[in-house]
Amino acid sequence: VFLCNKLIEMYGRCRSSREARTIFDAMLARDSFSWDTMLLAYTRTGNLEQAKQIFDEMPSKNLIAWTSLLVAFSSSEDFHQAKLLFDQMPERDEVAWNAMLAVYAQNGCLEDATLLFQEMPSTNLVSWNTLLDAFVEAGKLEEAGDLFHRMPLHDLISWTTIHHAYARFGYIDEAKLVMEAMPESDTVCWTAMLSAYAQLGSLDSAKATFDYMPQRDLVSWNTMLAAYTQNGRLDDAKFVFWGMPERDLFSWTTMLACYVEEGHLEEARRVFDGMPQRNVIAWNVILAGYAQVGLMDRATLHFDSMPFRDLISWNIMLGGYVQIEGGLREAEVFFRGMPQHNLVSRNTMLTAFAQAGFIEKSRGCFSSMPEHN
RNA sequence: CAUUGCUGGUAUCCAGAG
């Protein structure tokens with residue numbers, strides 16, 4: 001049992017929930033660690049449905065199981081389910097509170113995060129770091145800076161979070177100063193710097209950073225790859241992609257998106273077919289390739305054959321309809337048939353109506369939005 | 001002292017800014 005548990009854990013960490021499940025199913029006896037670890041494998045691979053199912057099947061649910069499921073809701077379309085789950089928990093420890101806080105932080109809910117932080121029975125450094133990240137995710141740089149100075153202590157993660165805050169919003173000089181001030185900086189920090197240069201279009205600085213950094217891991221390679229793809233450098237991107245020491249789904253989807261962006265649909269399709277695994281994002285990239293150029297019949301065919309869809313898949317289809325000649329009516333019908341809508345869906349309709357001169361309908365979309373940005 | 005849970009860097013949809 002011990003060894004099988006370790007195997008499940010290993011597969012979970014390697015994002016192979018299928019293999020983890022094979023081990024789990026083959027076990028003659030399972031203890032609570034086996035169940036928790038299996039649940040966590042689904043959580044880590046973003047497999048909410050399977051995570052829920054395992055959770056429901058569990059003979060007994062401990063704090064770890066509750067917390068793992070809570071985390072799974074964080075990246076789901078309605079992360080507010082996480083709060084419902086949190087409220088249902090029979091007991092909550094520090095980790096559970098922190099996990100709930102992280103759900104708010106990752107989804108940009110600064111208000112909720114702040115309130116929750118104040119309600120917490122006790123806070124530790126993880127709580128402070130998470131709150132700091134909530135400010136950063138919400139784009140509140142000054143407040144993040146203030147909070148950083150008010151924190152009781154700083155560890156590497158606190159420093160990296162504040163560094164990332166400056167880097168991602170293009171404050172290169174400030175980010176550099178933070179890097180000089182921090183006691184140690186690791187690959188995460190260097191990669192954030194690289195990413196910042198890439199977003200500003202400073203490819204030379206990005207490349208120089210990549211070459212200069214003490215170590216490069218898979219994320220750094222992916223970031224360098226994205227630096228080229230986001231700036232329309234297909235040839236450089238190809239060179240990086242095929243030269244990388246290893247490739248994960250980020251690498252593949254980044255490369256795919258580059259082919260699509262450059263209008264090379266056939267090539268994209270070939271890369272797609274050659275992928276070792278495909279996630280929703282890979283399917284979405286190809287879908288967007290068809291929809292963006294108005295090939296709605298091919299898009300529909302692809303859409304119908306997708307093994308999984310998320311809200312982005314639906315939004316891509318919607319975006320395809322609104323931009324073809326006289327597609328607005330079809331878009332309206334499609335919009336009504338969607339399982340959910342978010343700000344992007346409504347904004348797509350809003351701008352489509354506005355550009356077609358239907359001011360009243362556009363207004364209607366505007367007022368149907370639960371929030372505005 | 002401890003087989004599993006919480007925080008930092010990279011990819012796909014609309015708009016805006018450059």
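Chain letters run A, B, ... following the sequence lines, proteins first and then strands; every chain starts at 1. Hydrogens, waters and symmetry mates are skipped; everything else that's a heavy atom, side chains included, is used.
Rounded to whole Å, atom C1' of U12(B) lies 15 Å from atom CE of Met255(A). Met244(A) has its CE atom 11 Å from the C1' atom of A11(B), to the nearest Å. Rounded to whole Å, atom C1' of C14(B) lies 12 Å from atom CE of Met349(A). Here the P atom of nucleotide C14(B) and the NE2 atom of His341(A) are 17 Å apart, to the nearest Å. Whole-Å rounding puts the Phe353(A) CZ to C14(B) C1' distance at 14 Å. In this entry the distance linking CG of Leu343(A) with P of G16(B) reads 14 Å, nearest Å. The separation between Met224(A) atom CE and U10(B) atom P is 15 Å, rounded to whole Å.
Of all the heavy atoms in Asn222(A) and Ser251(A), the pair that sits closest is OD1-OG, 2.7 Å. Across all non-hydrogen atoms, the minimal contact from Gly12(A) to Ala41(A) is CA-CB, 3.7 Å. In terms of heavy atoms, Ser127(A) sits closest to Met120(A) at OG-CE, 3.7 Å. Counting all heavy atoms, side chain and backbone alike, Leu328(A) lies closest to Ala352(A) at CD1-CB, 3.7 Å.
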Would you check, one step at a time, whether the test side-chain contact (heavy atoms from CB on, under 4.5 Å) holds for Met213(A) with Ser220(A)?
CA-CA 10 Å; Met213(A) 49 198 284; Ser220(A) 337; 3.7 Å; yes

Show the numbers, then the answer: is there a side chain to side chain donor-acceptor pair (under 3.5 Å) between Arg18(A) and Tyr11(A)?
CA-CA 8 Å; Arg18(A) 267 203 56 93; Tyr11(A) 280 125; over 6 Å; no

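For the 3.5 Å distance criterion, the side chains of Arg269(A) and Tyr259(A) fail to qualify, holding no donor opposite an acceptor. Using modelled atom types, one finds a donor on one side chain and an acceptor on the other under 3.5 Å when comparing Ser122(A) with Glu94(A). Side-chain N/O atoms of Asp297(A) and Thr300(A) include no donor and acceptor closer than 3.5 Å.
Less than 4.0 Å separates RNA chain B from no heavy atom of any residue of residues 17-25 of chain A. Near RNA chain B, meaning a heavy atom under 4.0 Å from it, residues 356-366 of chain A has no residue at all. Within residues 300-317 of chain A, the residues having any heavy atom under 4.0 Å from RNA chain B are, by residue number, Ile312(A), Asn315(A), Ile316(A).
Taking the six-membered ring wherever Trp is involved, the centroid distance between the rings of Trp128(A) and His154(A) does not fall below 6.0 Å. For Phe210(A) and Trp190(A), the gap between ring centers reaches or exceeds 6.0 Å. Two rings, from Phe117(A) and Trp97(A), have their centers 6.0 Å or more apart. In summary, the aromatic rings of Phe24(A) and Trp35(A) are positioned with their centroids under 6.0 Å apart.
Ring pair Phe55(A)/Trp66(A) is perpendicular by interplanar angle, where above 60° counts as perpendicular and below 30° as parallel.
Regarding contacts with the backbone of C14(B), every side-chain N or O of Gln323(A) stays at 4.0 angstrom or more from both OP1 and OP2.
Residue pairs meeting the salt bridge (Lys or Arg N to Asp or Glu O under 4.0 Å) criterion with at least one member in residues 133-157 of chain A, sequence neighbours excluded, are Glu137(A)-Arg168(A).
Paired runs in RNA chain B never reach 3 or more consecutive Watson-Crick or G-U pairs with both distances under 3.5 Å.
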Scoring nucleotides 3-9 of chain B by protein non-hydrogen atoms under 4.0 Å (B base, S sugar-phosphate only, - none) yields BBBBBBB

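Across all strands, Gln230(A) comes closer than 4.0 Å only to sugar-phosphate atoms, never to a base (heavy-atom distances).
Put simply, the side chain of Thr253(A) and the base of A11(B) share a donor and an acceptor less than 3.5 Å apart.
Using a 4.5 Å cut-off between side-chain heavy atoms of Ile, Leu, Val, Met, Phe, Trp and Tyr, with links allowed through other members, Phe308(A) and Trp252(A) fall into the same hydrophobic cluster.
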